[in-house]
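Order of appearance sets the numbers: ligands from 1, and atoms from 1 within every ligand.
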Amino acid sequence: MTDLPRSASVVIVGAGVVGAAIAFHLTQQGVHDVLVLERDHAGAGSTGKNAGGIRLQFSSEINVRLSLLSVPEIERFADITGVDPQFHQVGYLFLVTTDRDAVAFERSFQLWKRLEVPARRLNPDETHALLPQLNVSDVRFASFCERDGYADPSSLLRGYLTCARAAGARVVEGARVDGIEVANGSVRRVRVGGKAVVCEYVVDAAGAWAGEVAAAAGVAIPITPHRRTIFVTEAFDGLPERFPMVIDFATGFYFHRESGGVLMGMPPAQEVDGFREDVDWDVLPLVVERAMYRVPVLERARIKTGWAGLYEDTPDAHPIVGFVGQPSGFVAACGFSGHGVMHAPAIGRLIAELITGAPPSIDLAALALDRFRRGATVREHNVI
Ligand SMILES: Cc1cc2nc3c(=O)[nH]c(=O)nc-3n(C[C@H](O)[C@H](O)[C@H](O)COP(=O)(O)OP(=O)(O)OC[C@H]3O[C@@H](n4cnc5c(N)ncnc54)[C@H](O)[C@@H]3O)c2cc1C
């Protein structure tokens, strides 16, 4: 660990893509006395382990609005930061096969029309035409949005951190926050080992570990870690070079292009709470079975590698964003429930607006921590 400064106006806990985006946006909005503390190395959490998916197709209005704020920044990311995020804007193709999901997606089409999300309903023939290797025999219809796609989360992280540092933010790796001192109802210091940093604001961007960080300040944040495993195949023939991110919605099986092969994943049959991050090999037979059914040419593919990371799930699959009330100065930016890469640009901007007192780009009331106490949770149907 390099030297810790004695003070900073804003301390951000966690150097994943969310903490990095917040640091970047704070400096853009004129706050330069920013310190990012990371217990390991930047990107060591879920930011280094995900599928990079970016989409507008959510069923809750607040999630769509977060994506609508994020996507333009990802589209212009290379111009803004000088780092190419490798945004493959090939679209997300949701395959809808059940009555229940058909009703939910029909409702979403109304929402998307109102919010000007360019998603369209494709019949099975149109779906097949988009990717002829797909088995669409049981597909009722598909939902396709060409502004969706996938990007490289490490490039997003690097772009944000490089620019934030150039604008004065400090990033200290190997610095685990193990205490947060509160005085007169406000955050006063964060503790790292035996050292302390005096600050006005603490932003909890600690991903799946955000509950532990909040607890250090006496705040209860409901985040449950859930393991997700990804497999990547060797290069093989039989699929076009460019095709959408495909989601077999009823099972959660998804795949997209990756280095001549495909990257694919699926939730486990049984959800287990916990911080385990070794590959869940029990998922592989499920993935293979679903892959062979949905994309028979995947039979030719051999698994090259796999890894696992953590979803940071909240009870309603929406993030917790904003001041928590008590202690004052403690800000939550966590609980992304598997959508933190795509929403990081929006969250960076919104947290910077909160701290500077600028008018918010989006009303964050729906994402307040106290929604759980008030019973005012939000629902999201399109969770993978
Ligand atoms: C398999 C998989 C697939 C996914 N696919 C997608 C996808 O397609 N699209 C999408 O948008 N999202 C996806 N996600 C979710 C996404 O990866 C996360 O939502 C996102 O990375 C969260 O970023 P973060 O910066 O909040 O957290 P993280 O990247 O986890 O960063 C938190 C950081 O905090 C640090 N930290 C923790 N405790 C402390 C402490 N006490 N002191 C200092 N530092 C601390 C950690 O070391 C870590 O580096 C996926 C996740 C997984 C696991």
*Asks:* Please name the residue in the list Val262, Leu284, Thr305, Val288 that meets the side chain to side chain contact (heavy atoms under 4.5 Å, CB included) test with Phe231.
*Replies:* Leu284
*Asks:* Any side-chain donor-acceptor pair under 3.5 Å between Ser361 and Glu353?
*Replies:* yes
*Asks:* Heavy-atom distances under 4.0 Å are what count here, so tell me which part of Ala205 touches ligand 1: side chain, backbone, both or neither.
*Replies:*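 Near ligand 1, Ala205 shows its backbone, while the atoms from C-beta on stay back.
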*Asks:* Determine, for Asp278 against Arg227, whether the closest basic-nitrogen to carboxylate-oxygen distance falls under 4.0 angstrom.
*Replies:* yes
*Asks:* Could you tell me whether Ala333 and ligand 1 have an N or O pair separated by under 3.5 Å?
*Replies:*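 No.
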*Asks:* Show which atoms of ligand 1 fall inside a sub-4.0 Å distance from at least one heavy-atom site of Lys49.
*Replies:* 1 (C), 2 (C)
*Asks:* Hey, looking at atom 29 (O) of ligand 1, which of Asp313, Thr47, Ile22, Ile180 has the closest heavy atom?
*Replies:* Thr47
*Asks:* What protein heavy atom sits nearest atom 27 (O) of ligand 1, and how far away is it?
*Replies:* Gly207 CA, 3.5 Å
*Asks:* Provide, to 0.1 Å, the distance between atom 34 (O) of ligand 1 and the closest protein heavy atom, together with that atom's residue and name.
*Replies:*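 Looking only at protein heavy atoms, the one closest to atom 34 (O) of ligand 1 is Gly14 CA, 3.3 Å.
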*Asks:* Of all the non-hydrogen atoms in the protein, which one sits nearest to atom 7 (C) of ligand 1, and at what distance?
*Replies:* Gly53 N, 3.4 Å
*Asks:* Does Asp370 form a salt bridge (Lys or Arg N to Asp or Glu O under 4.0 Å) with Arg373? I'd like the steps, not just the answer.
*Replies:* CA-CA 5 Å; Asp370 72 357; Arg373 187 176 47 75; 3.8 Å; yes
*Asks:* Please check this pair: side chain of Glu312 against backbone of Ser337, looking for a donor-acceptor N/O pair closer than 3.5 Å.
*Replies:* yes
*Asks:* If every non-hydrogen atom of Gly252 is compared with every non-hydrogen atom of Pro267, which pair is closest and at what distance?
*Replies:* O-CD, 3.7 Å
*Asks:* Counting distance only, does the side-chain N/O of Thr224 pair as donor-acceptor with the main-chain N or O of Asp273 below 3.5 Å?
*Replies:* no
*Asks:* Looking at Glu234 and Lys304, would you say the former's side chain and the latter's main chain have a donor-acceptor pair under 3.5 Å?
*Replies:* no
*Asks:* Considering only NZ, NE, NH1 and NH2 on the basic side and carboxylate oxygens on the acidic side, decide whether Arg228 and Asp280 come within less than 4.0 Å.
*Replies:* no
*Asks:* Can you list the ligand 1 atoms lying under 4.0 Å from a non-hydrogen atom of Val213?
*Replies:*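 Going through ligand 1 atom by atom, the ones under 4.0 Å from Val213 are 41 (N).
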*Asks:* Touching ligand 1 at all, Ala175? Heavy atoms, strictly under 4.0 Å?
*Replies:*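 Yes; Ala175 lies near enough to ligand 1 that a heavy-atom distance drops under 4.0 Å.
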*Asks:* Name the closest protein heavy atom to atom 44 (N) of ligand 1, giving the residue it belongs to and the distance to 0.1 Å.
*Replies:*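 Atom 44 (N) of ligand 1 sits closest to the protein heavy atom Arg39 N, 3.1 Å.
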*Asks:* How does Thr229 reach ligand 1, if at all, at less than 4.0 Å between non-hydrogen atoms: by side chain, backbone, both, or neither?
*Replies:* neither
*Asks:* If we ignore hydrogens and angles and just use 3.5 Å, is the side chain of Arg257 paired with the main-chain N or O of Leu239 as donor and acceptor?
*Replies:*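 It does hold such a pair.
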*Asks:* Which atoms of ligand 1 are found less than 4.0 Å from any heavy atom of Val18?
*Replies:*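 Going through ligand 1 atom by atom, the ones under 4.0 Å from Val18 are 23 (O), 24 (P), 25 (O), 26 (O).
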*Asks:* In terms of side-chain geometry, is the basic nitrogen of Glu126 or Arg121 positioned less than 4.0 Å from the acidic oxygen of its partner?
*Replies:* no
*Asks:* Taking atom types as modelled, find out whether Ser60 and His318 have a side-chain donor-acceptor pair closer than 3.5 angstrom.
*Replies:*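 Side chains of Ser60 and His318: pair found under 3.5 Å.
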*Asks:* Any heavy atom of Arg227 closer to ligand 1 than 4.0 angstrom?
*Replies:*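 For ligand 1, residue contact (heavy atoms, under 4.0 Å) with Arg227 is absent.
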*Asks:* Which ligand 1 atoms are under 4.0 Å away from a heavy-atom of Ile230?
*Replies:*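 Matching atoms, with element in brackets: 1 (C).
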*Asks:* Counting heavy atoms not belonging to Glu271, are there more than 12 under 6.0 Å from its CD?
*Replies:* yes
*Asks:* Please tell me whether Tyr293 and Phe253 form a close aromatic pair, meaning their ring centres lie under 6.0 Å apart.
*Replies:* no
*Asks:* To which of Ile347, Asn50, Asp178 does the heavy atom nearest atom 3 (C) of ligand 1 belong?
*Replies:*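 The residue whose heavy atom sits nearest atom 3 (C) of ligand 1 is Asn50.
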*Asks:* Give the numbers and elements of all ligand 1 atoms closer than 4.0 Å to a heavy atom of Gly52.
*Replies:*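 Numbered from 1, ligand 1 contributes 7 (C), 8 (O).
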*Asks:* Looking at ligand 1, would Gly265 count as a contact under a 4.0 Å heavy-atom criterion?
*Replies:*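 It does not, in that no heavy atom of Gly265 comes within the 4.0 Å cut-off of ligand 1.
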*Asks:* Distance under 4.0 Å to a non-hydrogen atom of Glu312: what atoms of ligand 1 satisfy this?
*Replies:*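 By the 4.0 Å cutoff, the relevant atoms are 18 (C), 19 (O), 20 (C), 22 (C).
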*Asks:* Considering Ser46, Gly335, Ala308, Gly179 one by one, which has a heavy atom nearer to atom 28 (P) of ligand 1 than any of the others?
*Replies:*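 Answer by nearest heavy atom: Ser46.
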*Asks:* Under 3.5 Å, N or O to N or O, is Ala208 touching ligand 1 that way?
*Replies:* no
*Asks:* Look at atom 48 (C) of ligand 1 and say which protein heavy atom is nearest, naming residue and atom and giving the distance to 0.1 Å.
*Replies:* Glu38 OE1, 3.5 Å
*Asks:* Pick whichever of Ala51, Cys334, Gly338 has a heavy atom sitting closest to atom 5 (N) of ligand 1.
*Replies:*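 It is Ala51 that holds the nearest heavy atom.
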*Asks:* Could you find the nearest protein heavy atom to atom 31 (O) of ligand 1 and give me its residue, atom name and distance?
*Replies:* Gly16 CA, 3.6 Å
*Asks:* May I ask you to check whether Met342 has an N/O atom sitting below 3.5 Å from an N/O atom of ligand 1?
*Replies:*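 There is such a contact, yes.
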*Asks:* Are Phe87 and Phe77 close enough that their ring centres sit under 6.0 Å apart?
*Replies:*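 Centroid separation for Phe87 and Phe77: 6.0 Å or greater.
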*Asks:* Among side-chain atoms of Ser186 and Asn184, is any donor-acceptor pair under 3.5 angstrom?
*Replies:*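 Side chains of Ser186 and Asn184: no pair found under 3.5 Å.
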*Asks:* What atoms of ligand 1 come closer than 4.0 angstrom to any heavy atom of Gly309?
*Replies:* 53 (C)
*Asks:* Between Val177 and ligand 1, find which residue part has any heavy-atom pair under 4.0 Å and reply side chain, backbone, both or neither.
*Replies:*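 Under 4.0 Å from ligand 1, Val177 contributes backbone and side-chain atoms.
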*Asks:* Short list, please: which atoms of ligand 1 are under 4.0 Å from a heavy atom of Leu37?
*Replies:* 43 (C), 44 (N)
*Asks:* Would you check whether Gly43 has a nitrogen or oxygen atom less than 3.5 angstrom from a nitrogen or oxygen atom of ligand 1?
*Replies:*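 So ligand 1 has no N or O lying under 3.5 Å from an N or O of Gly43.
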